2 protein chains.
Amino acid sequence: MARRTTPPPPSSLSPAPPSRESGPRVTRRRAETRRRLLAAAFDAFAELGVGRVRVEDVCERARYTRGAFYSNFDSLDELFFVLYQERAAAMTAEVTAALASEERPARGDVVARVVAALSFDRSWSLVVAEFTLYAARRPALSAQLAERRDAVQVALARVVDRAVERGHLPASMRSADGLAAAILTIYHGVSGEMLIHRDEARARAWLTDLLSVLVG
Amino acid sequence: MARRTTPPPPSSLSPAPPSRESGPRVTRRRAETRRRLLAAAFDAFAELGVGRVRVEDVCERARYTRGAFYSNFDSLDELFFVLYQERAAAMTAEVTAALASEERPARGDVVARVVAALSFDRSWSLVVAEFTLYAARRPALSAQLAERRDAVQVALARVVDRAVERGHLPASMRSADGLAAAILTIYHGVSGEMLIHRDEARARAWLTDLLSVLVG
DNA sequence: CATATCTGATACACTTACGTATCTGATACG
DNA sequence: CGTATCAGATACGTAAGTGTATCAGATATG
């Protein structure tokens, strides 16, 4: 009697492109198919949760059959993993770009700047939460989450570094990095709650208030 | 073509006991079977996630067959819902009791008191996160989450009410209730991160630091 | 103890879902 | 344009999973 436990992470753990894509060429058609499958999967995972999504769900939403799915991905787990990687990379790039896009903010503008740069997209928040739980059950994936988090943390640290006095904070937040980590923790709390109350404006206002306490 | 969407919540939404349990009697044997199924389900949901757990998984862990399962529950969704309700009620009672168990803390002890009272049990945190996502997709369940949260918030508000100066906080946190809400938001951020780094002591220390900023 | 009732085990019918082999239309290229 | 290759559609075999009817052992009760 083999009791079911958490399966290992999908095999596409290498940051290099999956082996399927290092073949001789990728046609435009195939790239489009892949794009549409990923987009459909994003919606399905956000709406149904990763454990409930079926191959058929993704195919229906993308208007392909299972042939297309298996031509592009080995499994739903691989699809989920690839989706998260690509989306997280794009989202991280967006957030870091928004944080870096202007001169250092004046002291009074730091909070507004940070809140404006962070994502409150509902589907993305749902997928992040799903991946967080998924990774929580697969220790090998913790590094993927940490990477994304670190990149955003670095960008945040740059923004707060000169603009925020930190002498009033505990030792763990005296560095710009530590303060950035605190900002992210609070952001995660706020965005998690937003999944329930569904009010983005409320979440932003609440994050603003919380960060204003932190920043002084 | 009926595209799969999120199913409605299970039918046991009434706070009254499920109809199955308002029958003439419940034998000791049956109560024990139910208890064991719930305990097994807790482990399975924490380990595999609610969408991946199968009836067979729960039965194997509880050392019963599917007959026992269907004699006690209509579906896995009902089981999950009942499990969350019962566990959340118990956990809320524990936390509120711990918060209420002594005299009002001295000002310097508030944070330690709060951090000591809150739960950092990993399996529970996993199940809460699962239920949060589950409820996020079923608006009718938001009230269940809100109830639990409110009860803890009230208990927290009592603890911080007299012991914490709040003049330095934004308007949203000037009331004891608002401050308690902030504490919970931060706690949820911290406990979510703990699922990834798996270090309870680290999470408690981090929460302590964050709350000390809030409380002044 | 006898009897009635309960409750889990089991077998089974049926559905859902997966992954593969094959084929044909789509596309790239000389 | 002709040819070679690609890639998605489809049918299918198989496994996994569900929910129910039936039954027999367990339990409660007079």
Side-chain angles (χ1 to χ4, degrees), chain A residues 1-7 10-12 17-41 44-45 48-80, chain B residues 1-7 10-12 17-41 44-45 48-80:
Chain A
M1 179 174 77
R3 190 173 78 171
R4 253 206 329 155
T5 60
T6 310
S11 54
S12 310
S19 57
R20 198 186 302 269
E21 292 190 11
S22 51
R25 59 169 169 129
V26 174
T27 65
R28 254 175 306 178
R29 180 187 174 205
R30 187 173 180 79
E32 173 69 6
T33 302
R34 187 172 183 279
R35 189 193 65 72
R36 282 173 54 187
L37 286 169
L38 283 164
F45 288 133
L48 298 174
V50 61
R52 289 189 199 262
V53 170
R54 303 279 72 81
V55 169
E56 203 67 35
D57 297 324
V58 176
C59 295
E60 277 179 12
R61 288 171 188 243
R63 300 192 179 258
Y64 286 112
T65 63
R66 44 197 331 103
F69 175 86
Y70 285 107
S71 175
N72 281 273
F73 302 101
D74 284 337
S75 64
L76 277 171
D77 276 20
E78 188 198 356
L79 173 59
F80 183 60
Chain B
M1 178 174 78
R3 191 172 78 170
R4 253 206 330 153
T5 61
T6 310
S11 53
S12 309
S19 56
R20 197 184 304 270
E21 294 191 11
S22 50
R25 59 170 171 127
V26 175
T27 65
R28 254 174 307 178
R29 180 187 175 205
R30 187 175 179 79
E32 172 70 6
T33 302
R34 189 172 181 280
R35 188 194 66 72
R36 282 173 53 187
L37 286 170
L38 282 164
F45 287 133
L48 298 174
V50 62
R52 291 190 198 262
V53 171
R54 304 278 72 81
V55 170
E56 204 67 35
D57 298 323
V58 176
C59 296
E60 278 178 14
R61 288 170 190 246
R63 301 192 179 258
Y64 287 112
T65 64
R66 45 199 328 104
F69 175 86
Y70 284 108
S71 174
N72 281 273
F73 302 99
D74 284 338
S75 64
L76 277 171
D77 276 21
E78 187 199 356
L79 172 60
F80 184 60

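All values derive from a computational prediction rather than experimental measurement. To find a chain, count down the sequence lines: A is the first, B the second, and so on, and within it residues start at 1.
- Arg63(A) places its CZ atom 17 Å from the P atom of dG8(D), with the value rounded to the nearest Å.
- With rounding to whole Å, Tyr70(B) atom OH is found 13 Å from dA21(D) atom P.
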In B/S/- notation (B base, S sugar-phosphate only, - none; protein heavy atoms under 4.0 Å), nucleotides 21-30 of chain C written 5' to 3' is ----BSSS--
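- Between Leu37(B) atom CG and Tyr64(B) atom OH the span is 6.5 Å, to the nearest 0.5 Å.
- Under the salt bridge (charged side-chain N to carboxylate O under 4.0 Å, His left out) criterion, Arg35(B) pairs with Glu32(B), sequence neighbours left out.
- Between the P atom of dA7(D) and the CZ atom of Phe73(A) lies a distance of 13 Å, rounded to the nearest Å.
- An angle of 30°, rounded to 10°, separates the two end axes of the helix from dC1(C)-dG30(D) to dG30(C)-dC1(D), each defined over five pairs.
- For the OP1/OP2 pair of dA9(D) and a distance below 4.0 Å, the side-chain nitrogens and oxygens of Thr65(A) include at least one atom meeting the criterion.
- Judged by distance alone, the side chain of Arg63(A) and the main-chain N or O of Arg61(A) form no donor-acceptor pair under 3.5 Å.
- To the nearest angstrom, P of dT5(C) lies 17 Å from CZ of Arg30(B).
- Taking atom CZ of Arg34(A) as the reference point, atom C1' of dG8(D) lies 16 Å away to the nearest angstrom.
- The residue from Leu38(A), Val55(A), Asp74(A), Val50(A) that alone fulfils the side chain to side chain contact (heavy atoms under 4.5 Å, CB included) condition with Leu79(A) is Leu38(A).
- The distance from atom CG of Asp57(A) to atom P of dT16(C) is 13 Å, rounded to the nearest whole Å.
- For Phe80(B), the ring pair (Phe, Tyr, Trp, His ring centres under 6.0 Å) criterion is met by Phe45(B), Phe131(B), Tyr134(B), not counting sequence neighbours.
- For Thr65(A), the side chain to side chain contact (heavy atoms under 4.5 Å, CB included) criterion is met by no residue, not counting sequence neighbours.
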Every protein N/O within reach of nucleotides 11-17 of chain D N/O, cut-off under 3.5 Å:
residue	atom	partner	partner atom	Å
dG17(D)	O3'	Arg54(B)	NE	3.4

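- Heavy-atom minimum distance, Ala44(B) versus Val53(B): O-CG2, 3.4 Å.
- With hydrogens and angles disregarded, no donor-acceptor distance shorter than 3.5 Å links the side chain of Ser71(B) to the backbone of Gly67(B).
- Separating the CG atom of Leu37(A) from the C1' atom of dA9(D) is a distance of 13 Å, rounded to the nearest angstrom.
- Between Tyr64(A) and dG8(D) there is no side-chain polar atom (N or O) within less than 4.0 angstrom of OP1 or OP2.
- Close to dA7(D), at under 4.0 Å from its OP1 or OP2, lies no side-chain N or O of Asn72(A).
- The distance from atom CD of Glu78(A) to atom C1' of dG19(C) is 14 Å, rounded to the nearest whole Å.
- Taken to the nearest 0.5 Å, the CG atom of Asn72(A) stands 9.5 Å off from the CD atom of Glu78(A).
- Every residue was checked against the side-chain hydrogen bond (donor to acceptor under 3.5 Å, both in side chains) condition with Ser75(B), not counting sequence neighbours, and none meets it.
- For Arg66(A), the side-chain hydrogen bond (donor to acceptor under 3.5 Å, both in side chains) test picks out Glu56(A), with sequence neighbours left out.
- Note on Ser75(B): nothing from the nucleic acid sits closer than 4.0 angstrom, heavy atoms only.
- Residues meeting the salt bridge (charged side-chain N to carboxylate O under 4.0 Å, His left out) test with Arg36(B), sequence neighbours left out: none.
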